[in-house]
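Presented below is the structure to which this report refers.
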Amino acid sequence: MRSKFFPHPFLTLALWIIWLLLNNTVSAGHMILGALLAIFIPWFTAGFWEERVSVRRPWLMVKFFASVLWQIIIANIEVARLILMPSDRLRPGFVEIPLDLTSPLAISILANTISLTPGTVTCDLSQDQKSLLIHALHIDDAQSTIDEIKQLFEKPLKEIFN
Amino acid sequence: MLEILLSILILLGGFFTLVGSLGLFKLPDFYMRLHGPTKASTLGVGAVLVASAIHFSVKTGGISLHEVLVTLFLFITAPVSAHLMAKAALHIKVRQEKRTLNKSDQEE
């Protein structure tokens, strides 16, 4: 019953909040209209979402996003410094990060987070989904770059999704 | 007081956006140039948006949260477009800077 009418509770909640933000209001009419849309859109699109999104600990998710925001701020300052220094001192490079995550959603969140933070862009996911190829603007030590990403981003994601 | 805070935020935003564009201009190869606009501009746009949210919240007396959405969409789309460009560049084997570590112009 519940899963038939609310195939994706998180999507429903997110759509409802986005609708209210788009209209920049909390009036009753928009709350109802938003709620209807938020219920029916996941319902109609349920066929495209084979896998049920399961978040074990929503609270950790909030903590994760806060830490990512902080990392983004640091990343920006760091990248600004790298760009302003003479560019022949930069050592760019590709690094392969072995993945412990298995869920496609967790992997895509990790890939997006990597792209958003310290001078790194996700370039490719290997065929077997076991590793990510990233490009970094400046590498002092490849292993420490890998460890940092695994420690900062992959570990919390593993706790959230596994 | 508020105006000083807003000016600082807008100047910060302007600074980071400028640095992002500068990166686009002076970095030597495609992959490195990719870093400038995708990164420096997230904080640049972010700071401008925070300033905008504060300004309009105070001015209209209500809370203006459109800016939160702009940030959300930006943070969702920026990494995806960066990823697609990087992937396309790898595929057509765009020239990589000589000193690049673990160059990936491998034959597939």
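Numbered from 1 within each chain, the chains take letters A, B, ... in sequence-line order.
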Interatomic spacing from [atom1] in [X] to [atom2] in [Y] - rounded to 0.5 Å:
X        : Y         : atom1 : atom2 : result
Leu72(B) : Ile18(A)  : CG    : CD1   : 5.5 Å
Lys87(B) : Leu133(A) : NZ    : CG    : 10.0 Å
Leu43(B) : Leu116(A) : CG    : CG    : 12.0 Å
Ile83(A) : Leu27(B)  : CD1   : CG    : 5.5 Å

Exercise. So do Val68(A) and Phe75(B) actually touch side chain to side chain, heavy atoms under 4.5 Å?
Worked result: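 No, every pair of side-chain atoms sits at 4.5 Å or beyond.
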Exercise. Side chains of Leu84(A) and Leu22(B): closer than 4.5 Å at any heavy-atom pair?
Worked result: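 Yes, close enough: below the 4.5 Å cut-off.
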Quick one: do [X] and [Y] end up in the same hydrophobic cluster if we chain Ile, Leu, Val, Met, Phe, Trp and Tyr together by side-chain heavy atoms under 4.5 Å apart?
X         : Y         : value
Val48(B)  : Val58(B)  : no
Val70(B)  : Ile54(B)  : no
Leu152(A) : Phe65(A)  : yes
Val50(B)  : Trp70(A)  : no
Leu24(B)  : Leu137(A) : no

For this session: Below 4.5 Å from any heavy atom of chain A, which atoms of Leu18(B) appear? Answer side chain, backbone, both or neither.
Result: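 No part of it gets close to chain A.
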Tell me, for [X] versus chain B, whether the close heavy atoms (under 4.5 Å) come from the side chain, the backbone, both or neither.
X         : result
Leu20(A)  : neither
Leu132(A) : neither
Leu82(A)  : neither

Problem set entry | NZ (Lys63(A)) with more than 12 external heavy atoms under 6.0 Å |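 No - once you tally the heavy atoms of other residues, nucleotides and ligands closer than 6.0 Å, there are 12 at most.
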Exercise. What are the two closest heavy atoms between His135(A) and His35(B), and how far apart are they?
Worked result: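 Distance-wise, the nearest heavy atoms are ND1-NE2, 3.0 Å.
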Exercise. How close do Leu90(B) and Cys123(A) get, heavy atom to heavy atom, and via which atoms?
Worked result: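 It is CD1-CB, 3.7 Å.
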Exercise. Which residue out of Ile134(A), Asn23(A), Val121(A), Ile17(A) racks up the most heavy-atom pairs below 4.5 Å with chain B?
Worked result: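 Heavy-atom pair counts peak at Val121(A).
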